[in-house]
Amino acid sequence: MRQAGSSAKIPEHWLYWTLAAAPELLGPLRTYCGKAVRIVESGTLNLSNGPDYQNALAEIDGVLQRGDIEIHVHPREWMEHGHQHDSRYERVMLHLVWENS
């Protein structure tokens with residue numbers, strides 16, 4: 001259990017395997033704006049370059065959506081890794097983060 005103000009020391013790849021093996025351990029999930037998120041199908045784990053999971057199915061605020069999932073420990077890593085300029089990330093529908101600062 002993390003204490004308030006402490007920084008997570010969890011390796012990002014642990015989050016990949018949690019989503020693959022037991023996505024219910026990640027829940028309940030919410031968007032930054034507070035909308036409910038349920039991962040119906042995690043899709044295919046991408047062991048190459050590009051989004052972490054491809055062709056996933058998620059219910060976001062009651063609407064089913066199919067697309068890719070990218071996972072980071074911190075939200076800032078999206079920009080730090082340059083995903084906003086990389087066409088491989090155009091299908092990302094869900095950016096899962098461990099710590100939302």
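Shown here for Arg88 and Asp68, the closest heavy-atom pair between the two residues is O-OD2, 4.3 Å. Closest non-hydrogen pair, Ile60 versus Thr31, comes out as CG2-CG2, 4.0 Å. Considering every non-hydrogen atom in both Ala56 and Met93, the closest pair reads O-CE, 3.5 Å. In plain terms, the two heavy atoms of Gly50 and Glu70 that are nearest each other are O-OE1, 4.0 Å.
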Please assess Tyr53 against Ile71 for the test side-chain contact (heavy atoms from CB on, under 4.5 Å), listing each intermediate value before the final yes or no. CA-CA 9 Å; Tyr53 281 86; Ile71 301 172; 4.0 Å; yes
Could you go step by step and tell me if Leu94 and Ile39 meet the side-chain contact (heavy atoms from CB on, under 4.5 Å) rule? CA-CA 10 Å; Leu94 194 58; Ile39 298 172; 4.3 Å; yes
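Here the two rings, on His72 and His81, have centers that are under 6.0 Å apart. In summary, the aromatic rings of His74 and Trp98 are positioned with their centroids too far apart to meet the 6.0 Å limit.
With Asn46 contributing its side chain and Pro51 its backbone, the two residues share a donor-acceptor pair below 3.5 Å. Of the possible donor and acceptor atoms, none in the side chain of Gln54 sits under 3.5 Å from a partner among the backbone N and O of Thr44.
Looking at residues two or more places apart in sequence or on another chain, you find no side-chain hydrogen bond (donor to acceptor under 3.5 Å, both in side chains) involving Arg91. With sequence neighbours excluded, no residue forms a side-chain hydrogen bond (donor to acceptor under 3.5 Å, both in side chains) with Asn55.
Trp78 contributes atom CH2, which lies 6.0 Å from atom NE2 of His95 (distance to the nearest 0.5 angstrom). We find the CG-CG distance between Leu96 and Asp52 to be 9.0 Å, quoted to the nearest 0.5 Å. Distance CD/Gln84 to CD/Glu90: 12.5 Å, rounded to 0.5 Å.
Residues Val92 and Ile69 have side chains not in contact (no heavy-atom distance under 4.5 Å, counting atoms from C-beta outward). Taking the side chain as every heavy atom from C-beta outward, Val73 and Glu77 approach each other to under 4.5 Å. The shortest distance between side-chain heavy atoms of Arg30 and Lys35 does not fall below 4.5 Å.
With side-chain heavy atoms closer than 4.5 Å counting as contact, directly or through intermediates, the hydrophobic cluster containing Leu64 also holds Val40, Leu57.
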